[in-house]
Amino acid sequence: MIAQPKASHFVNGCWMEDTAGAPIDVLYPATGAVIARVHEATAAVIDAALASAKAAQTDWAARKPVERGRILRRAADLIRERGDALARLETLDTGKPLQETLVADWPSGADALEYFGGLVASVTGESIPLGGDFAYTLREALGVCVGIGAWNYPSQIACWKSAPALAMGNAMVFKPSEVTPLGALELAQIFMDAGLPAGLFNVVQGRGSVGAGLVKDPRVAKVSLTGSVPTGRKVYAAAAEGVRNVTMELGGKSPLIIFDDADLDSAVGAAMMANFYSAGQVCSNGTRVFVQKAILPAFLRALAVRAEKIILGDPLDMATQMGPLVTAAQVDKVMGYVDGAVAQGARLVTGGKRDGMFVQPTVFADVTDDMILAREEVFGPVMAVLAFSDEDEVVSRANDTDFGLAAGVFTADLTRAHRVIGALQAGTCWINTYNLTPVEMPFGGAKLSGVGRENGKAALDYYSQIKSVYVGMGPVDAPY
Ligand code: NDP
């Protein structure tokens, strides 16, 4: 299987190669086969990408919003037309099963392009009466934005960042994770095919150092990162040097709270979605599943039965429900958490084994708040189940973390659902469901999980700035 792109980078509307950059082999996680080789961006490539973005941005921002939106909506249509091939490429890049990539990854990217393309023409400023004088505000583009992506949803991340950025009149230079470099290049081609002027969406490959080079460049007005908290800290600090705008979508250790009046089947299904989709490599996963004591035995029984039926295997087989993890290093990391949980006294209910690049869907019960499994982000198919007695107790335990990305509550009691959500420290919450992230709903984290929001109308605020204009209608009354 070969998925070699035409070149490593996409700059100023063209594929670009510079083999002086260090090579990066792209592996298909399911087999370890090398499916492509790209080269890390050299200083010359980075400079060309930023220069073309800078040159193209002013004219783009001056266009009517409805024209910009039309191009984005055309890109959304092209993604849908090419959906099967794109999903296959995403599966090769990430190892995620086709069953997921056909419905979740690129489709959600297309939704973002359609949504922001449609929304942008309705963005307006305000008019502020000041007696005879008045003021008005304009929402202006920021300029050149840098997007840096993680490997778990590479194409969705590229779309979620570029759609609001381009809609508001910005240009973007995007650096995918070195582990999954292929999807963003396809997006660049799709934008060209949709009529986006050259230079507005550039893709440069590379490891963290390339991202770091982009973030500190004086031409850059904003940085949007999806990644881990340690990387977020570094990128945020580097952006602060130049007082740049940031959006940080970082990690989590989110609580999913299941009260004893919840619909058991739905709660079990949601807990599985919250831990096993994409083999658990989802930042918003509800990895601390708090279950009220009365239903805990029944919950664990039902969970084990369903978890053991999950079909692992060839990601390109439509019957496969769970693929491999993205890299061998990630498998080692996840298995380290599994072994650590056993050593700390958690009870293995099901799973716990690896087979090459695959990790079984794994459930631990009797997990306590101080165990490493309950405190650190695993990013693999490992669920921690914790028992609780009452509402006040579970809310305080759920909030006892430095993360604050997401949270969920299952209960039949409407009042309790809203009260508990009100008390949880998290940016993205669900009641009686989990992990649904439609583009219409803002997404992002509290506490260490991030700054800013993607998606929803809110995202437009993070890709624009307000210009205030005071209009004097009479003579200037100077005191001298
Ligand atoms: P990393 O934080 O390791 O990397 C994220 C991106 O930043 C990669 O493209 C990486 O490049 C790049 N990078 C690394 N160092 C620097 C630097 N100093 N300056 C600029 N860029 C840098 O995350 P992973 O790719 O390993 O993804 C997994 C993590 O992402 C998980 O912890 C998960 O929680 C989080 N995540 C958060 C999401 C959210 O929306 N909140 C969504 C998805 C994932 P390279 O990989 O090439 O080294």
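Start at 1 and go down the list; that is how both ligands and their atoms are numbered. This structure is a prediction, so every number in the text was calculated from the model and none was measured.
Between Asn152 and ligand 1, no pair of N/O atoms sits closer than 3.5 Å. Distances between N or O atoms of Leu250 and those of ligand 1 include at least one value under 3.5 Å. Looking at ligand 1, you won't find any N or O of Phe379 less than 3.5 Å from one of its N or O atoms. At a 3.5 angstrom cut-off on N or O pairs, Thr231 counts as close to ligand 1.
Summary of contacts: the protein heavy atom closest to atom 46 (O) of ligand 1 is Ser177 OG, 3.3 Å. The protein heavy atom nearest to atom 26 (O) of ligand 1 is Trp151 NE1, 2.8 Å. With hydrogens left out, the protein atom closest to atom 40 (O) of ligand 1 is Glu249 CB, 3.1 Å, a heavy atom. For atom 12 (C) of ligand 1, the closest non-hydrogen atom of the protein is Ile148 CG2, 3.6 Å. Here the protein heavy atom with the shortest distance to atom 27 (O) of ligand 1 is Ala150 CB, 3.4 Å. Ranking the protein heavy atoms by distance from atom 6 (C) of ligand 1 puts Gly149 O, 3.3 Å first. For atom 17 (C) of ligand 1, the closest heavy atom belonging to the protein is Gly208 O, 3.6 Å. Looking from atom 18 (N) of ligand 1 to the surrounding protein, the closest heavy atom is Lys234 CD, 3.9 Å.
For the pair Lys222 and Tyr463, the distance from NZ or CZ to the six-membered ring centre is under 6.0 Å and the angle to the ring normal is within 45 degrees. Phe358 does not carry Lys353 over the face of its six-membered ring by the limits of under 6.0 Å from the centre and within 45° of the normal.
Residue Leu405 approaches ligand 1 through these ligand atoms, each under 4.0 Å from one of its heavy atoms: 41 (N). Of all atoms in ligand 1, numbered sequentially from 1 with element shown, those under 4.0 Å from a heavy atom of Gly251 are 34 (O). Less than 4.0 angstrom separates some heavy atom of Ala212 from each of these atoms of ligand 1: 19 (N), 20 (C). Remark: ligand 1 atoms within the under-4.0 Å shell around heavy atoms of Cys283 are 34 (O), 36 (N), 37 (C), 38 (C), 39 (C), 40 (O), 41 (N), 42 (C), 43 (C), 44 (C). With ligand atoms numbered from 1 in the order given, ligand 1 contributes 47 (O) to contacts under 4.0 Å with heavy atoms of Gly206.
In this structure, Phe443 has a heavy atom closer than 4.0 Å to ligand 1. Residue Gly450 places every heavy atom at 4.0 Å or more from ligand 1.
Taking each of Lys333, Lys175, Gln281, Glu178 in turn, the one with a heavy atom nearest to atom 11 (O) of ligand 1 proves to be Lys175. In this comparison of Ala329, Ala239, Gly227, the heavy atom closest to atom 35 (C) of ligand 1 sits on Gly227.
With 3.5 Å as the limit, one finds no donor-acceptor pair spanning the side chains of Ser8 and Asp18. Side-chain polar atoms of Glu440 and Tyr115 form no donor-acceptor pair below 3.5 angstrom. Side chains of Asn202 and Asn12: no donor on one and acceptor on the other come within 3.5 Å.
Just one residue in the list Leu373, Leu256, Leu386 forms a side-chain contact (heavy atoms from CB on, under 4.5 Å) with Arg288, and that residue is Leu386. Screening Val409, Ile421, Thr437 for a side-chain contact (heavy atoms from CB on, under 4.5 Å) with Trp430, the sole residue that qualifies is Thr437.
Counting heavy atoms under 4.0 Å from ligand 1, residue Glu377 touches it through the side chain alone. Only the side chain of Leu225 comes within contact range of ligand 1, with a heavy atom under 4.0 Å; no backbone atom does.
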Run Arg80 and Glu114 through salt bridge (charged side-chain N to carboxylate O under 4.0 Å, His left out) and show every step you take. CA-CA 11 Å; Arg80 295 201 177 103; Glu114 183 176 39; 3.0 Å; yes

Between Thr226 and Lys161, does the side chain to side chain donor-acceptor pair (under 3.5 Å) criterion hold? Intermediate values first, please. CA-CA 9 Å; Thr226 298; Lys161 294 190 190 308; 2.8 Å; yes

Under the side chain to side chain donor-acceptor pair (under 3.5 Å) criterion, do Thr247 and Glu454 qualify, and how do the steps go? CA-CA 8 Å; Thr247 298; Glu454 299 199 296; over 6 Å; no

Assess the residue pair Asp402 and Arg375 against the criterion (salt bridge (charged side-chain N to carboxylate O under 4.0 Å, His left out)); give the C-alpha distance rounded to whole Å, side-chain angles, the decisive distance to 0.1 Å, and a yes or no. CA-CA 9 Å; Asp402 291 336; Arg375 306 218 66 83; over 6 Å; no

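Rounding to the nearest 0.5 angstrom, the gap separating the CE atom in Met273 from the OH atom in Tyr434 is 11.5 Å. The line from CD1 of Ile79 to CD of Glu186 is 10.5 Å long, rounded to the nearest 0.5 Å.
You'll find the ring centres of Phe379 and Trp151 inside the 6.0 Å limit.
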